[in-house]
Engineer: 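Got a structure for you, written out below as structure tokens; questions coming shortly.
When reading the values below, keep in mind they use all heavy atoms of this one structure, side chains included, and skip hydrogens, waters and symmetry mates. Since the model is a prediction, treat every value here as computed from it, not as a measurement.
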Amino acid sequence: MKNNLNTFLSLIKPKILITTIIIIFLASLYGVLTIDLLHSNLYKHILFSLSNTFYIMMIILLIVINIISLSYDFKSNSIITKYKSYKEYTLNLLKINIIYIIIVLLISFILTIFSSLYAVNFKIEIIPFLYNLTNLEYLLFYFSRMIIYLILLSIIIFYINITFGNIITLIFTSLISISLFINNNKIIDSIIKIPIIITSYFKLNNFISFKLEVIASIIMLIILILIIYLLKYICIKKRLDINQD
């Protein structure tokens with residue numbers, strides 16, 4: 001664990017870290033400034049900031065930059081030779097990527113809280129929001145789902161990158177980013193109508209009940225996990241084919 005942490009810290013470049021913080025701050029600030037005055041409560045402010053299209057695009061961009069940069073650094077610095085096998089190398093690379101995503105999200109969340117506190121003049125009020133839930137309760141649900149989905153999405157992008165290369169990775173993430181602009185204002189009142197695009201769950205949807213939104217979220221979670229296992233299988237198979245050749 002200590003070696004993994006040291007490896008991770010050695011790969012962090014001060015300029016990239018500072019740039020990351022600045023981008024996250026601007027994304028958080030943009031979300032705060034574009035919210036109308038009706039969302040004057042702190043928790044609503046945070047929620048609408050996190051679900052802002054520009055904010056989500058910046059987070060996805062940071063994920064992609066980190067994965068491509070990390071993969072390049074590992075290969076260029078011959079760090080792979082320090083591991084007993086390609087599997088061990090891949091798992092450690094994946095762990096470092098997940099740590100980075102968690103750090104980015106924590107910094108992001110902290111900056112969003114502070115910018116939202118300033119925007120609402122430090123007014124903190126827990127009030128009813130959706131599905132008989134308070135704004136705080138729904139925010140905790142939303143942020144938990146966001147963390148899980150972004151980590152899983154980063155794993156998917158990671159496997160795409162090490163299996164198919166940078167070009168396919170950029171094409172995939174471009175499609176993901178474009179999907180953020182697909183608006184779905186229809187009321188979702190059945191499982192048949194639930195969104196099947198992951199970016200839909202980073203925005204606020206019109207589910208008829210909280211139960212349905214939870215079910216939809218679980219279905220999307222299963223889909224993401226299945227995609228990860230499929231990509232992992234393809235990655236291993238491709239690696240074995242290369243070794244056989």
Side-chain angles (χ1 to χ4, degrees), residues 24 27-60 101-102 104-154 156 176 179-228:
I24 292 174
S28 300
L29 188 62
Y30 177 83
V32 169
L33 294 177
T34 53
I35 296 172
D36 59 59
L37 296 176
L38 292 175
H39 306 136
S40 58
N41 182 268
L42 172 65
Y43 302 107
K44 281 188 177 182
H45 229 290
I46 295 173
L47 181 60
F48 281 84
S49 295
L50 295 178
S51 60
N52 183 276
T53 299
F54 175 72
Y55 174 85
I56 298 169
M57 283 185 66
M58 290 300 100
I59 296 296
I60 294 175
I101 299 304
I102 293 174
V104 166
L105 289 175
L106 288 176
I107 294 174
S108 167
F109 192 52
I110 292 171
L111 289 175
T112 302
I113 289 175
F114 279 109
S115 57
S116 295
L117 275 169
Y118 177 78
V120 300
N121 294 319
F122 297 91
K123 177 185 177 182
I124 302 175
E125 183 182 6
I126 300 176
I127 59 176
F129 185 62
L130 288 173
Y131 316 122
N132 294 323
L133 297 175
T134 64
N135 42 23
L136 174 59
E137 290 171 333
Y138 188 79
L139 174 62
L140 292 174
F141 165 75
Y142 175 88
F143 188 66
S144 300
R145 183 177 65 187
M146 185 179 187
I147 291 177
I148 295 171
Y149 282 9
L150 283 173
I151 289 175
L152 293 178
L153 180 60
S154 73
I156 290 173
I176 291 291
S179 68
L180 285 168
F181 295 93
I182 299 176
N183 293 320
N184 182 19
N185 296 321
K186 295 181 179 179
I187 296 176
I188 305 170
D189 55 5
S190 67
I191 295 181
I192 299 175
K193 295 181 182 179
I194 64 174
I196 57 173
I197 303 175
I198 184 174
T199 51
S200 298
Y201 295 88
F202 295 144
K203 297 182 288 186
L204 299 178
N205 294 290
N206 297 320
F207 284 94
I208 197 171
S209 67
F210 183 61
K211 180 181 179 180
L212 183 59
E213 182 165 358
V214 171
I215 292 173
S217 300
I218 293 173
I219 292 174
M220 176 52 63
L221 179 66
I222 294 172
I223 291 174
L224 292 174
I225 292 174
L226 289 175
I227 292 173
I228 289 172

Engineer: Nearest 0.5 Å please: distance from the CD1 atom of Ile147 over to the CG atom of Leu106.
Structural biologist: 6.5 Å

Engineer: Side chain to side chain contact (heavy atoms under 4.5 Å, CB included) for Tyr138 and Glu213? Distances and angles first, verdict last.
Structural biologist: CA-CA 11 Å; Tyr138 188 79; Glu213 182 165 358; 2.7 Å; yes

Engineer: Side chains of Ile215 and Ile194: does their closest heavy-atom pair fall under 4.5 Å?
Structural biologist: no

Engineer: Closest heavy-atom contact between Ile176 and Thr199?
Structural biologist: O-CG2, 3.5 Å

Engineer: Just wondering, do Leu221 and Tyr149 contact through their side chains at under 4.5 Å, heavy atoms?
Structural biologist: yes

Engineer: Would you mind reporting whether Leu224 and Ile156 have side-chain heavy atoms less than 4.5 Å apart?
Structural biologist: yes

Engineer: Can you tell me how far the CG atom of Leu50 sits from the CG atom of Leu105, to the nearest 0.5 Å?
Structural biologist: 9.5 Å

Engineer: Could you check whether any side-chain N or O of Lys203 sits under 3.5 Å from a backbone N or O of Thr53, counting only pairs where one atom can act as donor and the other as acceptor?
Structural biologist: no

Engineer: For Ile196, which residues count as a side chain to side chain contact (heavy atoms under 4.5 Å, CB included) partner, sequence neighbours excluded?
Structural biologist: none

Engineer: Report yes if the side chains of Leu47 and Leu204 come closer than 4.5 Å at any heavy-atom pair, otherwise no.
Structural biologist: yes

Engineer: Can you tell me how far the CG atom of Leu212 sits from the NZ atom of Lys193, to the nearest 0.5 Å?
Structural biologist: 10.5 Å

Engineer: Has Ile191 got more than 12 heavy atoms of other residues, nucleotides or ligands less than 6.0 Å from its CD1?
Structural biologist: no

Engineer: Supply the atom-to-atom distance Phe202 CZ to Leu180 CG, rounded to the nearest 0.5 angstrom.
Structural biologist: 8.0 Å

Engineer: Just how far is it from atom CG of Leu139 to atom CG of Leu133, taken to the nearest 0.5 Å?
Structural biologist: 11.5 Å

Engineer: Main chain of Glu137, side chain of Tyr142: is a donor-acceptor contact present, judged purely on distance under 3.5 Å?
Structural biologist: no

Engineer: Looking at residues at least two apart in the chain, or sitting in another chain, which of them share a ring pair (Phe, Tyr, Trp, His ring centres under 6.0 Å) with Phe210?
Structural biologist: Tyr131, Phe141

Engineer: Would you say Tyr201's side chain and Pro195's backbone share a donor-acceptor pair under 3.5 angstrom?
Structural biologist: yes

Engineer: Residues two or more places apart in sequence or in another chain: which of them pass side chain to side chain donor-acceptor pair (under 3.5 Å) with Ser144?
Structural biologist: none

Engineer: Using every non-hydrogen atom in the two residues, find where Ser200 and Asn205 come nearest and quote the distance to one decimal.
Structural biologist: O-ND2, 2.7 Å

Engineer: Hey, what do you get for CG (Leu140) to CG (Leu136), rounding to the nearest 0.5 Å?
Structural biologist: 4.5 Å

